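Within every chain, numbering begins at 1; the chains are lettered A, B, ... in the order of the sequence lines, protein sequences first and strands thereafter. Heavy-atom basis, side chains included; hydrogens, waters and symmetry copies ignored. Computed from a prediction, not measured in an experiment: that's the story for all the values here.
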Number of protein chains: 2
Amino acid sequence: MRVEVVAVGTELLLGQIADTNAQWLGEHLAANGLSSHFHQHVGDNHDRIVLALRTALARADAVIVCGGLGPTQDDITREAMASVMNVPLERDESLVGVMQEFFTRRGRAMPENNLRQADVPRGATVIAQTRGTAPGLVCPVGQKVAYLLPGVPDEMADMFERAVLPDLLERQRAAGETAVIASRVLRTWGSSESALAEALAERFEALEADGRVTIAFLASGIEGIKVRLTARGADGAAAGALLDAEEARVRAVIAERLGDIVFGVDEESMEVAVATRLRAAGLTLAVAESLTGGLIASRLVSVAGASHWFVGGVVSYASRVKFDLLGVPEGPVVSAESAGAMARGVAGALGSEVGLAVTGVAGPEPQDGEAPGTVFVGLHLDGAVTTTRLQLVGDRTRVRNYTTISALDVLRRALDRRAAAGNVVA
Amino acid sequence: MRVEVVAVGTELLLGQIADTNAQWLGEHLAANGLSSHFHQHVGDNHDRIVLALRTALARADAVIVCGGLGPTQDDITREAMASVMNVPLERDESLVGVMQEFFTRRGRAMPENNLRQADVPRGATVIAQTRGTAPGLVCPVGQKVAYLLPGVPDEMADMFERAVLPDLLERQRAAGETAVIASRVLRTWGSSESALAEALAERFEALEADGRVTIAFLASGIEGIKVRLTARGADGAAAGALLDAEEARVRAVIAERLGDIVFGVDEESMEVAVATRLRAAGLTLAVAESLTGGLIASRLVSVAGASHWFVGGVVSYASRVKFDLLGVPEGPVVSAESAGAMARGVAGALGSEVGLAVTGVAGPEPQDGEAPGTVFVGLHLDGAVTTTRLQLVGDRTRVRNYTTISALDVLRRALDRRAAAGNVVA
């Protein structure tokens, strides 16, 4: 199955927004053994969308179109698709009802032009919306197919996983293509991409020769450096077995050469890794943040069930808040002493067993004689306070993001050492 | 001049890296009045690159190709271009000398396969490298042209500005085109995309007829709904004048039909809009958050200079923290009373003039008898407390994100009303 992605939107051509949809789709198609040989971007212009769709349908078996399904006059993907199919648009009354209800629930009147979203090319079937109002469409074109999805990333992803992917996999089976491509991502924090590549160079070459499994490195900013293993097998079980064997080898090499840097697998983020360890240890956490200004707390709260182990936090952006609310001794606030006092103070003020704190210089200006990128992490655990000094590079946003995941990694490693030591409580 | 961008690289199709080159090029082409109607991504495969290049040359006057010029075996853009031009590759000995020197300067021996970068399709001219080793190529194809540039962003950008843009502008002049395209984005919060489109439908049609300015709508999730105005003028000043006039018209229509929903222009985010107003009013702010867990504070801290007006915040995730630290009366915490008490309490605890607070149900489970998506915003300003009830839809992440920008918008509107009333202080 050759799948082509067509992203519709003049804003893409003008470079006003990045096309994250094509990247996301490419990643998820590959992970499911579906090849995509081309992507296209096209503007909000009827004839050009028609040309892009015809080009894609000529060189691929299936086309995924993102964008141009909204209610406004410049949303014309439906019309262009109808031209390609050479059929009229017909209003789907059941869709009209669904949209009416969508607006009624919000206590708003439905604007007239919203009805355009209920127009369906004859012969197409609807993919129900669960988040917005624009329905998706499955449009048969001879033996081929085009899927029309909204451009809003979470609506697009939801429809892809719920309707498009199952249909593509069914067509793949029908076409007698059974090779399954499976991949697994080891997520790391605390090493450089080149150091990882160097440590795994031997495995990399051995796998190149073998050809069944590949290793790729993916620097993912605040999400760490990902090591992606991709295996091709006769079926899911065969591919999975190859991945299990290779993951074990790779983990052994990394542990020996670079230490405890693998914090998660696949979608397991650093905050989930921390959450799992806190629940296992039966500990509650509070955080105190200055330069991150709530980023650490917000990532922890993003984990469902956080209320079982997360008490809350204090964003002590002004120094006065550190002194008054957290009992930090007056003095330079960008210091190990301050970080430690913040950690102990927030645990006391919010009544948690564990306290995690960060203080530092996000930049662009230095502070307390420390250069931008200087960060201190304080950890209050089992009655003891430990501090860690970080020297980060980059602009304000990068320093704040890297501080967030680095501080969570300090907690993760401490909880692992504690578990290994058999939960000794001071 | 219609320019098409073709980005070469399997890693783009697999979604392993984002294609920032096409976005960058789209932005710079538009800024110079050069239209780009299509972008393509294609993998490292000879026949598919040939097909992508032929497709692009058929529908555009000029094609910019990024990537596939490196020294390794999977860098085959040169070969594909030679096939399209139907000419042989010839080794350019002067380029070999330049590369030798590049390696000698670094005290390294030049790998044999690096010589491939000195191969040039007969009839093509070279764009000298100033940063790496892969030279760019200008390849005439009949009356049209293809520019081959490296995929490394800064090498690509350097060659575009030094060689490609001047050549394109010269071809544009020769073709008698001199228009400049400029655009401006009005950022809104508090209305639906369809309501905006309906309010502006008349302008939309008038502009369609006129042809010099276009309006587009861009639903951007937590960043609100963007109204983009794009103007084509003889020069930058003419395009700017068209934008000024249309922005005034559009703002008037929106204000009359939908009220005070425009919070910023272009890159002005909601947190920047709030920051500007707080500094103008000389007020300091503290925030109390439950379901957002620090998202509001972290967005405020992302504004450079936040220390001038942002004191800090309390993430009162556990109810106990609301009662003990913020003095919220015991009882259901998902309520207008609780939101108001949190706002007053955090201003008192952190010593700020303004207090903003949110409490609500992110889901998936209901709380205090309220359904997921029920959110209360509390605002403490000039000694008075006001509360707002929101009913949001979507999953946990969406509810938390929409709560964040909605709460900031409540503050923005209150500060605007306050300024309009002449800074009356209770």
Side-chain angles (χ1 to χ4, degrees), chain A residues 10-11 13-15 18 22-24 26-27 30 36-44 48 51-52 55 59 70-74 108 111-114 131 152 154 216 218 292-295 297-298 300-302 304 306-307 310-318 320-321 325 349-351 396-397, chain B residues 13-16 18 22-24 26-27 30 36-43 48 51-52 55 59 183 192-195 197-198 201 204 216-219 221 228 292-295 297-298 300-302 304 306-307 310-318 320-321 325 349-351 394 396-398:
Chain A
T10 301
E11 67 278 5
L13 294 176
L14 294 180
Q23 182 181 6
W24 187 93
E27 197 173 357
S36 61
H37 293 167
F38 303 91
H39 293 164
Q40 288 187 87
H41 293 162
V42 58
D44 303 310
R48 285 176 218 133
L51 177 53
T55 302
R59 59 191 180 184
T72 65
Q73 298 84 339
D74 60 339
R108 298 212 306 258
E112 179 64 19
N113 62 4
N114 214 77
R131 296 154 187 252
V152 180
D154 68 323
L218 215 51
T292 49
L295 282 175
S298 64
L300 292 171
V301 170
S302 71
S307 56
F310 184 65
V311 175
V314 170
V315 177
S316 53
Y317 202 60
R320 199 173 64 255
V321 177
L325 212 63
L350 272 62
R396 181 178 176 83
T397 303
Chain B
L13 293 176
L14 295 180
Q16 294 175 338
Q23 183 181 5
W24 188 92
E27 203 173 347
S36 60
H37 293 166
F38 304 92
H39 293 164
Q40 287 188 86
H41 292 162
V42 59
R48 285 178 220 130
L51 178 53
T55 302
R59 61 191 180 184
S183 71
S192 72
E193 184 180 2
S194 48
E198 189 166 283
F204 189 94
F217 304 93
L218 199 55
R228 191 187 70 240
T292 48
L295 282 176
S298 63
L300 292 170
V301 171
S302 71
S307 54
F310 183 64
V311 175
V314 170
V315 178
S316 54
Y317 202 59
R320 201 174 62 252
V321 178
L325 212 63
L350 273 61
R396 182 178 175 83
T397 303
R398 188 178 165 117

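Partners of Ala52(A) by side-chain contact (heavy atoms from CB on, under 4.5 Å), not counting sequence neighbours, listed by chain and number: Val6(A), Gln40(A), Val42(A), Phe38(B). Under the salt bridge (Lys or Arg N to Asp or Glu O under 4.0 Å) criterion, Arg320(B) pairs with no residue, sequence neighbours left out.
A donor-acceptor pair under 3.5 Å is absent between the side-chain atoms of Glu193(B) and the main chain of Thr72(A), judged by distance alone.
Side-chain contact between Thr10(A) and Arg228(B) is present, with at least one heavy-atom pair separated by less than 4.5 Å. Using a 4.5 Å heavy-atom cutoff, the side chains of Glu11(A) and Asp44(A) are in contact.
Proximity to chain A is limited to the side chain of Leu325(B), based on heavy atoms less than 4.5 angstrom apart. For Thr292(A), the part sitting under 4.5 Å from any heavy atom of chain B is the backbone (N, CA, C, O) and nothing else. Both the backbone and the side chain of Arg48(A) come within contact range of chain B, each with at least one heavy atom under 4.5 Å from a heavy atom of that chain. Residue contact with chain B, scored on non-hydrogen atoms closer than 4.5 Å, involves the side chain of Val321(A) exclusively. Looking at Leu350(A), both its backbone and its side chain come within 4.5 Å of chain B, counting heavy atoms on both sides. Residue Ala306(A) touches chain B through both its backbone and its side chain, counting heavy-atom pairs closer than 4.5 Å. Contacts of Ser302(B) with chain A are made by both backbone and side-chain atoms, with heavy-atom separations under 4.5 Å.
Here Val311(A) is the residue among Val314(A), Leu295(A), Asn114(A), Val311(A) with the most heavy-atom pairs under 4.5 Å with chain B. Counting heavy-atom pairs closer than 4.5 Å to chain B, the top residue among Arg108(A), Glu112(A), His37(A), Arg396(A) is His37(A). Counting heavy-atom pairs closer than 4.5 Å to chain B, the top residue among Ser36(A), Ser316(A), Gly43(A) is Ser36(A). Each of Gly294(B), Gly313(B), Ala30(B), Ser183(B) has some count of heavy-atom pairs under 4.5 Å with chain A, and the biggest count is that of Gly313(B). Between chain A and the options Gly394(B), Ala318(B), Ala22(B), the largest number of non-hydrogen pairs under 4.5 Å is found for Ala318(B). For chain A, the option among Ser298(B), Ala201(B), Ser307(B), Ser192(B) with the highest count of heavy-atom pairs below 4.5 Å is Ser298(B). No other option in Glu27(A), Gln73(A), Arg59(A) has as many heavy-atom pairs under 4.5 Å with chain B as Gln73(A).
Counting all heavy atoms, side chain and backbone alike, Phe310(A) lies closest to Ala297(A) at CZ-CB, 3.9 Å. For the pair Pro111(A) and Ala195(B), the tightest heavy-atom approach, listed with the atom from each and the gap, is CG-N, 3.8 Å. Closest non-hydrogen pair, Asp154(A) versus Arg131(A), comes out as OD2-NH1, 3.2 Å.
Between His39(A) and His39(B), the gap from one ring centroid to the other reaches at least 6.0 Å.
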